[in-house]
Amino acid sequence: VRLMPGYRTDVTALSEDESRALFSAISSWGPDSIGLGDAFASGLRKLLAAVPDAHRNQSLEVASRIVIDPQGWLPQPDALQPGEAFAILEACVFARQRLQLTYRSRQATRAQELIVEPHGLVSAGSDWYLCASTEGTVRFFKAVRIEHAAPLAEPCSGPDLDVAQAWRE
């Protein structure tokens, strides 16, 4: 089995409103902040190629007119940017691999060592949070307060979690 030369996918079932909604909801800020900016741009080009011709120009126009900037008007100081541990958090989330964290909560006078099972990452405003279970409790850890993260050789043992639902709750 092989594809014929010039074959291209066609998402003909995509309505005008669906196409506009997809391109207005996306933002390069999120992927860039986690090191996936190039992959985002590549995927976006592929998605645009699949948009029906009748909706393509409107999709591009919406994407060029809507900017979602979670950083706000002024850039964040370096101290508030996700640190070196963020790449480890991301890798362990996708690999479903347990983590050892050194975390300093806002109230704590010293950092604490924790073993967590990561479920996902949440971008809220200008901050990133790690959604993880520790000792059977789901918690959200502010990424800038994670001083150190180390992957453990053990996979996560708990069930998958709906991170969006947990965040809402």
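These values consider heavy atoms only, across backbone and side chains, with no hydrogens, waters or symmetry-generated copies.
- Between His119 and Val93, the closest side-chain pair of non-hydrogen atoms is not below 4.5 Å.
- The salt bridge (Lys or Arg N to Asp or Glu O under 4.0 Å) check on Arg96 picks up Asp160, with sequence neighbours excluded.
- Taking hydrophobic clusters as Ile, Leu, Val, Met, Phe, Trp and Tyr residues chained together by side-chain heavy-atom distances below 4.5 Å, Leu130 does not share a cluster with Val163.
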* To do: Test side chain to side chain donor-acceptor pair (under 3.5 Å) on Glu117 and Ser133 and set out the steps.
  => CA-CA 5 Å; Glu117 294 202 357; Ser133 294; 6.0 Å; no
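- Interatomic distance, Arg56 CZ to Leu48 CG, rounded to the nearest 0.5 Å: 5.5 Å.
- In this structure, Trp128 and Val144 have side chains that are not in contact, with every pair of non-hydrogen atoms separated by 4.5 Å or more.
- Across all their heavy atoms, Pro118 and Ala132 have their closest contact at CA-CB, 3.9 Å.
- The 12-atom threshold is not exceeded at CD of Glu135, counting heavy atoms of other residues, nucleotides or ligands nearer than 6.0 Å.
- Leu121 places a side-chain heavy atom less than 4.5 Å from the side chain of Glu90.
- Expressed to the nearest 0.5 Å, how far CD1 of Ile88 lies from CD of Gln100 amounts to 11.5 Å.
- Applying salt bridge (Lys or Arg N to Asp or Glu O under 4.0 Å) to Glu147 and the options Lys142, Arg110, Arg104 leaves one that passes, Arg104.
- Of the inter-residue distances, the one linking Tyr103 atom OH with Arg145 atom CZ reads 5.0 Å to the nearest 0.5 angstrom.
- The distance from atom CZ of Phe141 to atom OG1 of Thr134, rounded to the nearest 0.5 Å, is 5.5 Å.
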* Asked: Checking side-chain contact (heavy atoms from CB on, under 4.5 Å) for the pair Leu99/Ile115: CA distance, chi angles, key distance, verdict?
  -> CA-CA 6 Å; Leu99 281 162; Ile115 303 293; over 6 Å; no
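- Summarising the geometry, atom OG belonging to Ser105 is positioned 7.5 Å from atom CZ belonging to Arg139; distances are rounded to the nearest 0.5 Å.
- Cluster annotation: Leu114 is connected to Phe86 through the hydrophobic network of ILVMFWY side chains, with a link wherever side-chain heavy atoms come within less than 4.5 Å.
- Inter-residue side-chain proximity for Ile146 and Thr102 is flagged as unmet; no heavy-atom pair is nearer than 4.5 Å.
- The ring pair (Phe, Tyr, Trp, His ring centres under 6.0 Å) analysis of residues 150-169, with sequence neighbours excluded, yields the pairs Tyr129-Trp167, Phe140-Trp167.
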